[in-house]
Chemist: 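A single structure is presented below for examination.
Keep in mind the model is a prediction, meaning the values are calculated, not measured.
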Amino acid sequence: MMRTRPLKVALLGCGVVGSEVARIMTTHADDLAARIGAPVELAGVAVRRPSKVREGIDPALVTTDATALVKRGDIDVVVEVIGGIEPARTLITTAFEHGASVVSANKALLAQDGAALHAAAEAHGEDLYYEAAVAGAIPLIRPLRESLAGDKVNRVLGIVNGTTNFILDKMDSTGAGYQEALDEATALGYAEADPTADVEGFDAAAKAAILAGIAFHTRVRLDDVHREGMTEVTAADFASARKMGCTIKLLAICERARDGASVTARVHPAMIPLSHPLASVRGAYNAVFVESDASGRLMFYGPGAGGAPTASAVLGDLVAVCRNRLNGATGPGESAYAALPVSGMGDVVTRYHISLDVADKPGVLAQVATVFAEHGVSIDTVRQQGKDGEASLVVVTHRASDAALGGTVEALRKLDTVRGVASIMRVEGE
Ligand SMILES: NC(=O)C1=CN([C@@H]2O[C@H](COP(=O)(O)OP(=O)(O)OC[C@H]3O[C@@H](n4cnc5c(N)ncnc54)[C@H](O)[C@@H]3O)[C@@H](O)[C@H]2O)C=CC1
Ligand SMILES: N[C@@H](CC=O)C(=O)O
Ligand code: NA
């Protein structure tokens, strides 16, 4: 039966995502009410610039005082789409203290303070949902938290940042320059307020921390995630990748160690074979593989950024939280009982593509091969191209630990015949 008294929603932030949340809440009001069992009312919208015209939003609802809005006491759900650490963190905890549940899209905040926010939600008997924080519209948090709660997840690997995928795709497929592609991604509403978060891998690292925590039932913070951005990926890297039948993607990879005693989480550009499904993820789309004991390999794919796709995930959470509220219940909270240590990058085992500038003279290849052998790194293929007494040597390794590869590269740099290490890139997805 439909409850007539509406559930009241406070929207914090009315930018790319917030404006779409407000639009869908209005246009789909009847369906949302039917699905929830009560009408949902937009009771207030906190903004920074009140004079801006916001189509479809009653100006009487607009306020610049987000704190007063979350303290009102009659708000059922606060939707936080401001972003950043403060004032978002204080607003969320204040919301819990004043009897509201929270839906957030804020991966930066959740990766940094997720444990404390979950504790605050639990202490006040409120929900904290954040499907939009990872991979935009793609249902990923809820499948990991709920559908796979009976399985044992061993690996989560994928593309979780739309902006960088958009840029890399443009660079690869059209030869577009980095800045031109970034400007387009920003104009399309994919990039973070400060796009450094995207291109330097902070956004993907925050998502990796959230995914690893939920997948492995442990706590992983942003600082635990090894992070390399994509700003140093060049046209030459794409050309090398193509010669190997690969492309380059910025990947987030969270793995349980073979002995199950620790986990790793990392974000970095990597070569992947063109035959791998991740190679065909274009534009701002995301795709994530989840590998579990019983389920085997699952793939999640869809729009990873943009106002409407992200709002879809926010609205899904809003419906879930409202349903919980009507049932006098809360959804699953944080599950961190496994308390697994997070290992450093040295323990990660993968393949490497190394491009060296070397002297083009007899014995160099043997010298280089010896250094690899001395560090226990087995070579898969070597390609050499000579020009005017200099040569470029491309070595692709079999699987080796990052520590062994690091030692190899350090020793290579000391060889007189090695003029420089032009690039090192991991090779994934084989
Ligand atoms: N744009 C996207 O594709 C996605 C964004 N997200 C996340 O969603 C959140 C919002 O992102 P966008 O909408 O893209 O950012 P945005 O910058 O377009 O919108 C944020 C809005 O919050 C407002 N704001 C800032 N401080 C405020 C305050 N104290 N009180 C009231 N309003 C305030 C800003 O004026 C701005 O309009 C961020 O956490 C972001 O990481 C998550 C997934 C995808
Ligand atoms: N800036 C982010 C937005 C979604 O999370 C991205 O590009 O993926
Ligand atoms: Na999602």
Chemist: Between CG of L91 and CG of L12, what distance do you get to the nearest 0.5 Å?
Modeler: 5.5 Å
Chemist: L11 versus V21: any side-chain heavy-atom pair under 4.5 Å?
Modeler: yes
Chemist: Just wondering, do L326 and R3 contact through their side chains at under 4.5 Å, heavy atoms?
Modeler: yes
Chemist: Could you go through T26 and I24, starting from their C-alpha distance and side-chain angles, then the distance that decides it, and tell me whether this counts as side chain to side chain contact (heavy atoms under 4.5 Å, CB included)?
Modeler: CA-CA 5 Å; T26 309; I24 299 171; over 6 Å; no
Chemist: Check the pair I272, T247 against side chain to side chain contact (heavy atoms under 4.5 Å, CB included), reporting the backbone distance first and the verdict last.
Modeler: CA-CA 6 Å; I272 49 165; T247 188; 4.1 Å; yes
Chemist: Can you check whether Y130 and H118 have ring centres sitting under 6.0 Å from each other?
Modeler: yes
Chemist: Can a donor-acceptor pair be found between the side chains of T63 and D65 at a distance below 3.5 Å?
Modeler: no
Chemist: Give a yes or no on whether E334 atom CD has more than 12 heavy-atom contacts from other residues, nucleotides or ligands under 6.0 Å away.
Modeler: yes
Chemist: Less than 4.0 angstrom from a charged side-chain N to a carboxylate O is my criterion; do E20 and R23 meet it?
Modeler: yes
Chemist: Look up atom CE in M230 and atom OG1 in T164, then write down how far apart they are to the nearest 0.5 Å.
Modeler: 6.5 Å
Chemist: What is the minimum heavy-atom distance between A33 and P39, and which atoms define it?
Modeler: CB-CA, 3.7 Å
Chemist: Would you indicate whether the side-chain heavy atoms of V288 and L157 approach each other to under 4.5 Å?
Modeler: no
Chemist: If only atom types and distance count, is the side chain of D127 paired as donor or acceptor with the main-chain N or O of Y129 below 3.5 Å?
Modeler: no
Chemist: Any Lys/Arg nitrogen of R219 or D224 sitting under 4.0 Å from an Asp/Glu carboxylate oxygen of the other?
Modeler: no
Chemist: With the threshold set at 4.0 Å, does a side-chain nitrogen-carboxylate oxygen contact exist between K71 and E97?
Modeler: no
Chemist: Please report the interatomic distance CG(L7) to CG(L32), rounded to the nearest 0.5 Å.
Modeler: 11.0 Å
Chemist: Report the distance from atom CG of D198 to atom OH of Y190, rounding to the nearest 0.5 Å.
Modeler: 12.5 Å
Chemist: Using side-chain hydrogen bond (donor to acceptor under 3.5 Å, both in side chains), reason through Y352 and D380 one step at a time and then give a plain yes or no.
Modeler: CA-CA 10 Å; Y352 299 85; D380 180 19; over 6 Å; no
Chemist: Strictly below 4.0 Å, N to O, side chains only: are D317 and R142 in salt-bridge contact?
Modeler: yes
Chemist: Quick one: closest heavy-atom pair of F300 and P139, and the distance?
Modeler: CD2-O, 3.2 Å
Chemist: Is any NZ, NE, NH1 or NH2 atom of the basic residue among D172 and R242 found under 4.0 Å from an Asp or Glu carboxylate oxygen of the other?
Modeler: yes
Chemist: If the condition is ring-ring contact (aromatic ring centres under 6.0 Å, His included), which residues does H276 pass it with, not counting sequence neighbours?
Modeler: F289
Chemist: Under 4.0 Å between a Lys/Arg side-chain N and an Asp/Glu carboxylate O for D74 and K8?
Modeler: yes
Chemist: Does any part of the side chain of V395, heavy atoms only, come nearer than 4.5 Å to the side chain of T381, both counted from C-beta?
Modeler: no
Chemist: Going through the distances and angles, do I159 and L251 end up as a side chain to side chain contact (heavy atoms under 4.5 Å, CB included)?
Modeler: CA-CA 5 Å; I159 296 165; L251 299 184; 3.9 Å; yes
Chemist: Is R325 salt-bridged to E126, going by a charged N under 4.0 Å from an acidic O?
Modeler: yes
Chemist: Is it true that the side chains of D237 and S240 contain a donor and an acceptor less than 3.5 Å apart?
Modeler: no
Chemist: Is the shortest side-chain N to carboxylate O distance from E428 to R266 below 4.0 Å?
Modeler: yes
Chemist: Can a cation-pi geometry be assigned to R155 and F216, taking NZ or CZ under 6.0 Å from the six-membered ring centre and within 45° of the ring axis?
Modeler: no
Chemist: Is there a side-chain contact between D347 and D402 in this structure, where contact means two heavy atoms from C-beta onward sitting under 4.5 Å apart?
Modeler: no
Chemist: Above 12 or not: heavy atoms from other molecules or residues under 6.0 Å from CG of N327?
Modeler: yes
Chemist: Do N286 and N161 pass the side-chain hydrogen bond (donor to acceptor under 3.5 Å, both in side chains) test, and can you show the C-alpha distance, the side-chain angles, and the key distance before you say yes or no?
Modeler: CA-CA 7 Å; N286 287 183; N161 183 272; over 6 Å; no
Chemist: Just verifying a value: how many Å separate I92 CD1 and D113 CG, rounded to the nearest 0.5 Å?
Modeler: 9.5 Å
Chemist: Is it true that R5 and E41 make a salt bridge, defined as a side-chain N closer than 4.0 Å to a carboxylate O?
Modeler: no
Chemist: For atom CD of E55, decide whether the heavy atoms of other residues, nucleotides or ligands shown that lie under 6.0 angstrom number more than 12.
Modeler: no
Chemist: Between K152 and E291, does at least one N-O distance fall below 4.0 Å, as a salt bridge requires?
Modeler: no
Chemist: First locate atom OG1 of T264, then atom CD1 of I253, and finally report the distance between them rounded to the nearest 0.5 Å.
Modeler: 8.5 Å
Chemist: Tell me whether E232 at atom CD has more than 12 heavy atoms from other residues, nucleotides or ligands lying less than 6.0 Å away.
Modeler: no
Chemist: Take T186 and D183, measure what side-chain hydrogen bond (donor to acceptor under 3.5 Å, both in side chains) needs, and give me the verdict at the end.
Modeler: CA-CA 5 Å; T186 304; D183 290 347; 5.3 Å; no
Chemist: Using the rule given for side chain to side chain contact (heavy atoms under 4.5 Å, CB included), can you reason through V321 versus L128, listing the C-alpha separation, both sets of side-chain angles and the distance that settles it, and then say yes or no?
Modeler: CA-CA 8 Å; V321 169; L128 172 61; over 6 Å; no
